[in-house]
2 protein chains.
Amino acid sequence: MTTIQDVARLANVSVSSVSNVLNGRVDRMRKDTFIRVEEAISKLNYRPSHAARQLKTGRIPILGLLVPTAANPSFGQLAVAMENFAQERYGYRVLLCNTYRDKQLESRMLDDLIDFGVRAVVVVSSLSDERHIEAAIDRGLAVISFDLPVEPDALIRNDHVLADNRLAGRLAAQHLIEHGHKRLAFLTPRGQTMSRRHKVEGFLAAVNDAGAGVSAQVIESKTASKFGDSELGALGFESAEQILLMKNRPTGVATVNDMTAIGLMAGIRHLGLSVPDDVSIVGIDDLSISAYIWPPLTSVSMPVTEMAQKMVDRAIQHINTPGLAAKEIIFAPQLVNRQSVAIPPATSKPIQGTDIPRS
Amino acid sequence: MTTIQDVARLANVSVSSVSNVLNGRVDRMRKDTFIRVEEAISKLNYRPSHAARQLKTGRIPILGLLVPTAANPSFGQLAVAMENFAQERYGYRVLLCNTYRDKQLESRMLDDLIDFGVRAVVVVSSLSDERHIEAAIDRGLAVISFDLPVEPDALIRNDHVLADNRLAGRLAAQHLIEHGHKRLAFLTPRGQTMSRRHKVEGFLAAVNDAGAGVSAQVIESKTASKFGDSELGALGFESAEQILLMKNRPTGVATVNDMTAIGLMAGIRHLGLSVPDDVSIVGIDDLSISAYIWPPLTSVSMPVTEMAQKMVDRAIQHINTPGLAAKEIIFAPQLVNRQSVAIPPATSKPIQGTDIPRS
DNA sequence: TTGAAAGCGCTAACAT
DNA sequence: ATGTTAGCGCTTTCAA
């Protein structure tokens, strides 16, 4: 392994000059010194040791990212966007950890990251309770909460970056209403998070704005989900019957995310009805897969890439500016119109029992 | 920050005793010494610095993982499985990098990882050419190639862990044949990788074994894919017309992976036909989402979790045993029967032009 | 403009 | 059984 010493020797300068070159303090030396050092570096193919540097400076060019699970493509997408930008813009890498929304695991991971010298972390938890994060903040970690709204008037100790979930819910409702739907529903997993709550609120507010002709119900899945795609899909699937059997069956349903919408659509078809002819569906997330399922899912899209970049920016700022004030940063979602929404059906088709074989 | 010195002072021992405790060399000291040290550690809430340790030992408890993109759920799943096992079993973390199958990026990431002190890396590249990896191996990195078959009689310098792709192709074909299909097809993106080639070979071999009554064609998508789910979905979608317009339209189609199958199903429906009534589909991968789309996708499942664990085991072994001989390790896939395969239709329904509105 | 040297926190060889 | 100590490769103050 070649060290800074080797470079210094070859270039006939002291290690401090090499160090200065490494750290961009080029003004402090003659041009030819700089050139000799550069040459030596490239001739030896020298690469500085992060470990040694970190031992001195206390920092390592790594950002932490805690997600419920990378197997869920929406978090995978976030990870990719962050990794890209962090690397390109700042030369930082991203250490990805799967928390399964387990608080204990989460705390342990945070501690671990600190031990590695990581100074800033993005946490996607959606748990409304952030107490377990406080400890990490106390230890000097810069934490950025993703998709976790700030309680009104709460004073925050760390950044919160999120999409306007109320607007997302509103957009979904408006789209259905514009297509003539009068009986709406919003499907969400049991186990509320702040962001889910906000989606519901926005959805209901839009319904309310639409006047007396339009009504809406909030449906909580019977089982709770913890994370992951399979569970959310299952949960949507299961809920189909519950929705289709309602006294006043809704003709338009929005869901808390795309995976649930995809499961719900499967469930509806399983019961012999069709989307969007019998029921219209709107998702929230706009997963890339949502364009390729059948029917292509109309969904509310979150600007994940921009959010990822903003979070990286803030993380680096916090590292470089200890004591930087915490901020809440909100992004606007947008509806992406595809084919899972149509005008409501004239009549309400009965469902087929699940034990009746489909033709 | 509390250091090993602080612990030594509080416990009234030397730093080496603390270090010994830290590294499990407990036999070398009296019990009460050990206890005093333990107490001091927990009282001070002491956590050793990875950086300092790494500087001394040259190692850091991190494994590298290079995937085309974490936004593709099959790689996300792999990452989760590895991360879990590496952490639980060995206390290692996983540093995830997205390569986009770009060789240059890949080499740079490998170099980067080495700079961080990472000693073992799992590479999911599927590029048949591994020359760019050689350099990293020369620098002492233990590389484990995932899903990259070894050429017959090639001498390998690094581990290769993969599923039996020929068997996967064979399983897909057999399943269709068992359901009475006589005209089969295998859909793969343009741009062959070794693993895709093997799937095709296995598929054709099974068709061949079935005798004269059964025929098969290999269909390459018109456009090439580089990675990611959206592209693979698009690619399946586009290929639907090509397949349905064939002179001897196949009644059963297998695809190189689930995302392509999902896109293909969407494309088929877009053209007015139905799965599995008009065309049966088998995927390969068994993504968790595949159970929740409509119809639930019959797919060949790869034992991702086991493979992930084996790779972690091997990675650690290589770290602990420099010079350990390279191995090719192959896992068996399994067919998961769902609802995208039925008996072939009696007649071949014509497709609807894409500009004819569906009812 | 350059160099010498201390020391970041730890491990491990060596001494006691 | 325990302690002393020399570095690992780098940054950074201070001196020249």
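To find a chain, count down the sequence lines: A is the first, B the second, and so on, and within it residues start at 1. What's counted below: heavy atoms across the whole structure, side chains too, no hydrogens, waters or symmetry copies.
- For B:Glu134, the salt bridge (charged side-chain N to carboxylate O under 4.0 Å, His left out) criterion is met by B:Arg157, not counting sequence neighbours.
- Side chain to side chain, A:Tyr100 and B:Asn84 meet the donor-acceptor criterion of an N or O pair below 3.5 Å.
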Exercise for the section: Sugar-phosphate means primed atoms, P, OP1 and OP2; the rest is base. With that split, encode nucleotides 8-16 of chain C 5' to 3' as B, S or - using protein heavy atoms under 4.0 Å. Expected result: BBBBB----
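- Counting only distance, with no hydrogens or angles, the side chain of A:Gln54 and the backbone of A:Ser49 share no donor-acceptor pair below 3.5 Å.
- Of all the residues in residues 30-41 of chain A, not one reaches under 4.0 Å from DNA chain D with any non-hydrogen atom.
- Using bins of under 30°, 30° to 60° and over 60° for the plane-to-plane angle, the ring pair B:Tyr90/B:Phe85 lands in the perpendicular bin.
- Between B:Phe116 atom CZ and D:dG9 atom P the separation is 18 Å, expressed in whole Å.
- In this structure, the CG atom of B:Asn12 is 12 Å from the P atom of D:dT2, given to the nearest Å.
- Residues A:Ala308 and A:Leu78 come closest through the heavy atom pair CB-CD1, 4.1 Å.
- Taking every heavy atom of both residues into account, B:Leu162 and B:Met307 meet most closely at C-CE, 3.1 Å.
- Between A:Pro68 and A:Phe75 the shortest side-chain heavy-atom distance falls below 4.5 Å.
- At a cut-off of 3.5 Å, with distance as the only test, a side-chain donor of B:Ser145 or B:Asn158 sits close to an acceptor on the other residue.
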